[in-house]
Amino acid sequence: MTTKSSTGTTARGGGLGPRLWRTAPLCLCLCLCLLATRGCRNDPWPSAWSGSDTYYTSYTAEIKTLDPAVTYYHHEGVILESIVEMPLGYDYLRRPYELKPMLLDRMPEVTWLDAAGRALPDDAPAAEVARGEVLLTLREGVRFQPHPCFARDADGRNPNLSEGVLGRAGLSRPGDFPHQSTRELRADDLRTALTRLCDRRLASPVFSNLSSFVEGMPACSEAIAAEVARLESLPENAGRDRELYPVCVDYGRIPFAGAEVLDGRRLRLRLSRKYPQFRYWLAMHFFSPVPQEALEFYSHPRIADRGLQLRLWPVGTGAYRMAECLPHERIVLERNPAYRDVRYPAQGAPGDREAGLLDDAGQRLPLTGRIVFNFEREPLPIWMKFQQGYYDDNGIPADMLDASVTVDASGDIGLGDEFAARGVRMVKSVQATTYYVAFNLLDATVGGLSERQCKLRQAISIALDFHEYVDIFSNGRDIAAQSIIPPGAGISGSCDLNPFTDETDPQTGRPRRLPLSHARRLLAEAGYPGGVGPDGRPLTLHFDDSSSGSGWKTRHQWLRARLEPLGIVLESRVTDSNRLRDKLSRGDWQLMMRAWVADYPDPENFLFLFYGPNATVANGGHGMNYSNYASETFDALFRRLETMPDGPERARLLAEANRVLQHDAPYVFAYHRRDLLLVHRWLRNYKPHTMANTFLQFLRVRGAEREAARREWNPPLVWPVRLALVLAFGAAIAAALRPQGRG
Amino acid sequence: MLIYLLRRLAYVIPTLIGVNLLVFALFFLVNTPDDMAREALGDKASSPEQLAHWKASRGYDLPLLWNGGAAGAAKVTRTVLWTKSLSLLWGDLGRSDMTRELIGPALRERVVPSLCVSLPVFLATLLLNIVLAMQSARRRGGAFDMNVQLLCVLLMSVSSLIYIIAGQYAFAKVMRLTPVSGFQPGRDMALFLALPVVTGVVSSLGGGVRLYRTLFLEEMGRDYVRTARAKGLSEARILYVHVLRNALIPIVTNVPLQLLMLMTGNMLLENFFSIPGLGGYTIGALRSQDFAVVRTMVFLGSVLYMLGMLLSDICYCLADPRVRLGGGARP
């Protein structure tokens, strides 16, 4: 019974009936919540893709551009090089890396010529070569992906650019346009791609490098600039927003001495000097053909207004084409229906057959129908999804290394039990990367090339024991470096031991650092006995670094601790990357840690970092020789081996150049990064390749096997949530059922 | 009130100019246009010609503050400050310096995912804060109150990052109830949003409950509550009708400000749950030294904040009849 107050409200709770009625919303909420738990699952992918041959991977840095003239980052390269093809490509399985024709019908035909235009033998010294000619002959029957840019009506106009089509809603992807067509690849597409590299508006990262060996690039750049200015001055372009709607240059009409189209399938490249490494450049996406039709299509203001641009929707002849492009969410590639008949290689390296890498020999590529690149900003979610089977492969985050791998007494890394039980494989590979601590050779203390100055750097190199560093900071995953060239990365010229810093451990047969007593002796000979300089004060060095955070703090501490026994004081100067660049360009630093990632598998791509004319300070901050190392002996060796084909003589020169660098010690060679990739059992044919990004088409995904594993590994555990809901709502309902009293 | 509103609006322009100048100064104190160009082009492509072209194509070849070589007004208008920073005042958001993407459409595209997370977090947090604070205040000094206070202190003592990682581990990995991260519009959206919303709510619960409890306790000690009890009103009615209405004034007046600020996204949640919203957009811009996006996001935050403050004032006036804008309190 309730008692009505003067205000007409209940004074003391209510009867059981009304109180029960009050709990109805709570009961309803509980039912709804319990019902909602039925739909719980942790599958992040659309159910329509379940069981399909889709390969799932992720990227953690934003995609800035997929324009073949501009893209430089690895994660962008993997996407782009699945869509476009290059004149040459690397054999997927063979090691050491081997170039073979991709778009070309045969390997490039190279002729070196002297100043009089006479042909010279292949091994002619670089000094005698005035220029070179490279004949590229395209394969027959290569077609571009179906794309609206190729569609033409009877009048030769693109029907997709008519008012009737452009006025339609929902044209957010090239595939949405009603008229799709393709055409055969021509030599002028290759010339267009090369000419575009000279367009200053694109700021291609390789323009400077290519200009140093391809004829006529600066002149071509000038001609493009003049053409752009002419087009922009035309009355129809008056008031046109150059940024929103850049004028489209017909690159075929731009004079370019470095590339001449001979006919539909043949292009002649002209090189300004002997540079055998140009063949590696032909395997980079900068040389992938670009159809002029695509440039014209994307330059149409109505197309640009829809956000369709070449930098997001590249047009190529590759195994895949872009199906969905949301760079800050995900990118989806699908099989290119116009892809020519390309087969999985029938031969590989020793051990490939046993590893099952030749099981698909002769199968038509691509083996996987869809590729999904998912944008994840943090490594932990990627790792969890990999464990759940939602990514097909993944590296091991540094924080998870201990929990994922086992290290035996000899230091070999194996797979942890949890992963082994699930059939996960571990694939190890050495990256073509070298981390180093650089000395500024222009510095009064650590610089110079006198014997005493070299001994100081050698002493520091011994003290900085990167064998220990690798054990501490990467659990022995990486490889302590003996020279600038990484071993086991398919690049000739690496060396097993740096005799100035290391010796062979008689027990393990592996290199180990020389004893600190040796370093102390070198230091004394360098004029710093006990680490004390001529002024009677401890030798104090400055280590500049742009990294910050707890990880780097411990690294700095390690560096300091390693130099302390020599009496050397190391002061860390953490600064931002901009200030660091300033210091580099001015030569205002002593030590800093950096890394070099090779662009192609030739030792020249590492040794040029020490070539005197590439010195950073002398080049106003733009040379890659950050140490400003300038040794006549090394420079002479480099000039000889730079243009020399691989062989015994080059091997001898490489060994000599390595020895000079090890003695002069412009760098403390720190370590080479070793990748540990975990691959689920349903992903077949994965073989790491540090140079090529075209591997996706070779992968096979067993979708049904993956789906079964996902179901087995990811049954939702709903009861704790249901129990919690029942308890929480039960408590609320009980409270509501209690008679209300006055406070 | 109209005069007050006009006066407040008049303050907005100089404030925005001040914010713009501050962002401009802070950004260019530590970066130069050359640094930005190098960041965009990478070390391998930063020849002097390429740096110059990058700057020219984006308008960073102009002097920063004063163009001595120009004539007349162009001394001011042909500067980076004018073209890149003050241009925001007339709505010209421009393009990203790094991707050349138009910033306006990018904001529109990303604001929806941001709101999909931040709005439910905000509403659920508000509701839970009120309910828990009310119950806690009602049982002041009792076991329930003590437990809630303890829980609040615990919740406040733990970093948001821990909630996110622990939530992902517990709900997505161990119990396998939701995806670890990701975002999908449409039917499955709730599945993807459940975990970020729950972690967002838990991480922002403690402080709110304690604040609201104080507000409720203050109200519960007032004369009108004593009068209501004397009149025989039920405790529930006193609390949920009279006390709540009065205690909510400072809460509700703050809501417009918080609601508008939701649009700028939650950086941490969006980062860890891979939600393609404005929080992640801002982080990406900061990492890549994209001045155009950074200054737009700061500008947007300032505009929304000032607009929110104005709306709060109006709400306060509407919620509390004693308050008059632009004058003293009503008698």
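Numbers restart at 1 for each chain; the letters A, B, ... are given by sequence-line order, proteins then strands. Atoms considered below: every heavy atom in the structure, side chains included; atoms not considered: hydrogens, waters and symmetry mates.
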- Which value, rounded to the nearest 0.5 Å, describes the distance between I63(A) atom CD1 and H328(A) atom NE2? 12.0 Å

Examine whether an atom of [X] lies under 4.5 Å from a heavy atom of chain A, and if so say whether it belongs to the side chain, the backbone or both; otherwise answer neither.
X	value
E109(B)	side chain
R139(B)	side chain
I275(B)	backbone
F273(B)	neither
F272(B)	both
D188(B)	side chain
L177(B)	both

Contacting region of [X] [heavy-atom separation from chain B under 4.5 Å]:
X	answer
W719(A)	neither
Y73(A)	side chain
Q309(A)	neither
N714(A)	both
P327(A)	neither
R201(A)	both

- Pairs of heavy atoms under 4.5 Å with chain A: top-ranked of N31(B), L239(B), T99(B), V225(B): T99(B)

- Please determine, among L191(B), L195(B), D35(B), V174(B), the option with the most heavy-atom pairs under 4.5 Å with chain A. D35(B)

- Item | Closest-packed option against chain B by number of heavy-atom pairs under 4.5 Å, given R41(A), R200(A), E62(A) | R41(A)

- Any luck finding a side-chain donor-acceptor pair between S50(A) and S47(A) under 3.5 Å? no

- Task: Look at the rings of Y72(A) and F286(A) and say which category their plane angle falls in: under 30° parallel, 30 to 60° tilted, over 60° perpendicular.
- Result: tilted

- Specify whether W54(B) and Y60(B) have parallel, tilted or perpendicular ring planes, treating 30° as the upper limit for parallel and 60° as the lower limit for perpendicular. parallel

- Message: Can you see whether F291(B) has K84(B) sitting over its ring - NZ or CZ less than 6.0 Å from the centre and within 45° of the normal?
- Response: no

- Can you name the side chain to side chain contact (heavy atoms under 4.5 Å, CB included) partners of R287(B), sequence neighbours left out? N271(B), I283(B)

- Message: So for atom OH, which belongs to Y224(B), do other residues, nucleotides or ligands contribute more than 12 heavy atoms lying within a distance under 6.0 Å?
- Response: yes

Report all side-chain donor-acceptor pairs from residues 179-187 of chain B shorter than 3.5 Å, counting only partners two or more places apart or in another chain.
unit_1  : atom_1 : unit_2  : atom_2 : d
S181(B) : OG     : E376(A) : OE1    : 2.8
S181(B) : OG     : E376(A) : OE2    : 3.4
S181(B) : OG     : K385(A) : NZ     : 2.8
Q184(B) : NE2    : P44(A)  : O      : 3.2

- Hey, are E101(B) and R110(B) close enough for a salt bridge, meaning a charged N less than 4.0 Å from a carboxylate O? yes

- Query: For M624(A), does its backbone N or O pair with a side-chain atom of N614(A) as donor and acceptor, under 3.5 Å?
  - Reply: no

